[in-house]
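Just so it is clear, the values below take in all heavy atoms, side chains as well, and ignore hydrogens, waters and symmetry mates. Because the structure is a prediction, the values reported are computed rather than measured. Residue numbers begin at 1 in each chain, while the letters A, B, ... track the order of the sequences.
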Amino acid sequence: MNFNKNILSKKFYLNNAKIVAVNLLGKVLVRRMDDKILSGIIVETEAYFGENDPASRASKGYKNFNKLMWEEGGKTFIYMVHGNWLLNIVTSPQNIPSAVLIRALQPLEGIEIMKKNRGIDNIYRLTSGPGMLTKALKIDKSLNGVEVTSPQSPICIEDRGYKVFKICCSHRIGVKRDLPEKLRFYIKDNPFVSLPRKCQQYL
DNA sequence: AGGAAGATCTACT
DNA sequence: GTAGATCTTCCTA
């Protein structure tokens, strides 16, 4: 079996962020470091757009800190919020700013290492939040802008054939000014979806 | 220098 | 479950 075949190609990311956010559910985020592999199934995502999306980093216009959002899809876009690194994947063709935030994973490989990285034992708290998963997978600014479409990359996303039966959507979590459209997507009944406080307000 | 930012942890009721 | 403190860059003045 050819491993490269399972890696999501550039084409996958050249769509609208909302489409990519939905399609990423059930795919596997793979973190390669030295000889170690850490991975997990993507169970929760959020879509962010450009100028017209007040919650997006791109809403401020093209700046040094957000310029990756204008690049062609298929790269990481990583930044810090409240002391947590958040992992996004840039989407759409070049010059259309948009990205998908990876919010939660179901751990697959390297669970013991993730536990060590997080300093906790509860598997349901390992990667069930955007800041938690980056800590578990040792993802930080040093990985900002890397291509996720190459098998040698420290971060890539694979399709391992996991089936997603039902997808739910809600408003995005934690944003000050959200769009009327619901842009958070998650796998229904998956216990690894993040459990934010005041869940109700987002349903 | 000061404050905002897609969050998380802890310690309670 | 809920409130509150605290997390740490980077942006704006």
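Between the side chain of Asn84(A) and the base of dG6(B), no donor-acceptor pair of N or O atoms lies under 3.5 Å.
Checked against dA7(B), dT9(C), dA5(B), the side chain of Lys176(A) finds its nearest nucleotide in dA5(B). Nearest to the side-chain atoms of His82(A) among the listed nucleotides dC10(C), dT8(B), dC7(C) stands dC7(C). Nearest nucleotide to the side chain of Met80(A), out of dC9(B), dG6(B), dT8(C): dT8(C). Taking only side-chain atoms of Phe65(A), from C-beta outward, the nucleotide of dC11(C), dT9(C), dG6(B) with the closest atom is dC11(C).
Residue whose closest nucleotide on DNA chain C sits further toward the 5' end, between Lys63(A) and Gly83(A): Gly83(A). If you find the closest nucleotide of DNA chain B to Arg125(A) and to Met69(A), the one lying nearer the 5' end belongs to Met69(A).
The residue Arg118(A) sits close only to the backbone: its heavy atoms come under 4.0 Å of sugar-phosphate atoms, none of a base. Across all strands shown, Asn64(A) has no heavy atoms under 4.0 Å from either base or sugar-phosphate atoms.
Distance Ile78(A) CD1 to dT9(C) P: 14 Å, rounded to the nearest Å. Distance, Ile173(A) CD1 to dT8(B) C1': 13 Å, rounded to whole Å. Atom CZ of Phe77(A) is separated from atom P of dG6(B) by 11 Å (rounded to the nearest Å). Look at CG on Leu86(A): it is 17 Å from P on dC7(C), rounded to the nearest Å. The OH-P distance, from Tyr79(A) to dA7(B), rounds to 9 Å in whole Å. One interatomic measurement links the two molecules: CG of Asn66(A) to C1' of dC10(C), which rounds to 12 Å at whole-angstrom precision. Whole-Å rounding puts the Lys141(A) NZ to dC7(C) P distance at 20 Å. Atom P of nucleotide dC7(C) and atom CG of Asp140(A) are separated by 19 Å, given to the nearest angstrom.
Side-chain atoms of Asp53(A) never come within 3.5 Å of backbone atoms of Gly50(A) as a donor-acceptor pair (strictly under, hydrogens ignored). Between the side chain of Asn117(A) and the backbone N or O of Lys115(A), no donor-acceptor pair lies under 3.5 Å. For Asn122(A) (side chain) and Tyr124(A) (main-chain N/O), a donor-acceptor pair under 3.5 Å exists by modelled atom type.
For Lys60(A) and dT12(C), the shortest distance from a side-chain N or O to OP1 or OP2 is not below 4.0 Å.
Between the side chains of Ser194(A) and Ser128(A), no donor N or O sits under 3.5 Å from an acceptor N or O.
Within the structure, salt bridge (charged side-chain N to carboxylate O under 4.0 Å, His left out) pairs that include any residue of residues 66-78 of chain A comprise Lys10(A)-Glu72(A), Glu71(A)-Lys75(A), Lys75(A)-Glu147(A) (at least two apart or interchain).
Under a cut-off of 6.0 angstrom, the local environment of CZ in Arg32(A) is crowded, with over 12 non-hydrogen atoms contributed by other residues, nucleotides or ligands.
Applying salt bridge (charged side-chain N to carboxylate O under 4.0 Å, His left out) to Glu109(A) and the options Arg160(A), Lys36(A), Arg31(A) leaves one that passes, Arg160(A).
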Taking only Watson-Crick and G-U wobble pairs with both distances under 3.5 Å, what dot-bracket line describes DNA chain B, where [ ] shows pairs that cross earlier ones and | shows pairs with another strand? |||||.||||||.
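Lys18(A) meets the salt bridge (charged side-chain N to carboxylate O under 4.0 Å, His left out) test with Glu181(A); sequence neighbours excluded.
Annotated as anti: dG4(C), whose glycosidic dihedral deviates from 0 by more than 90°.
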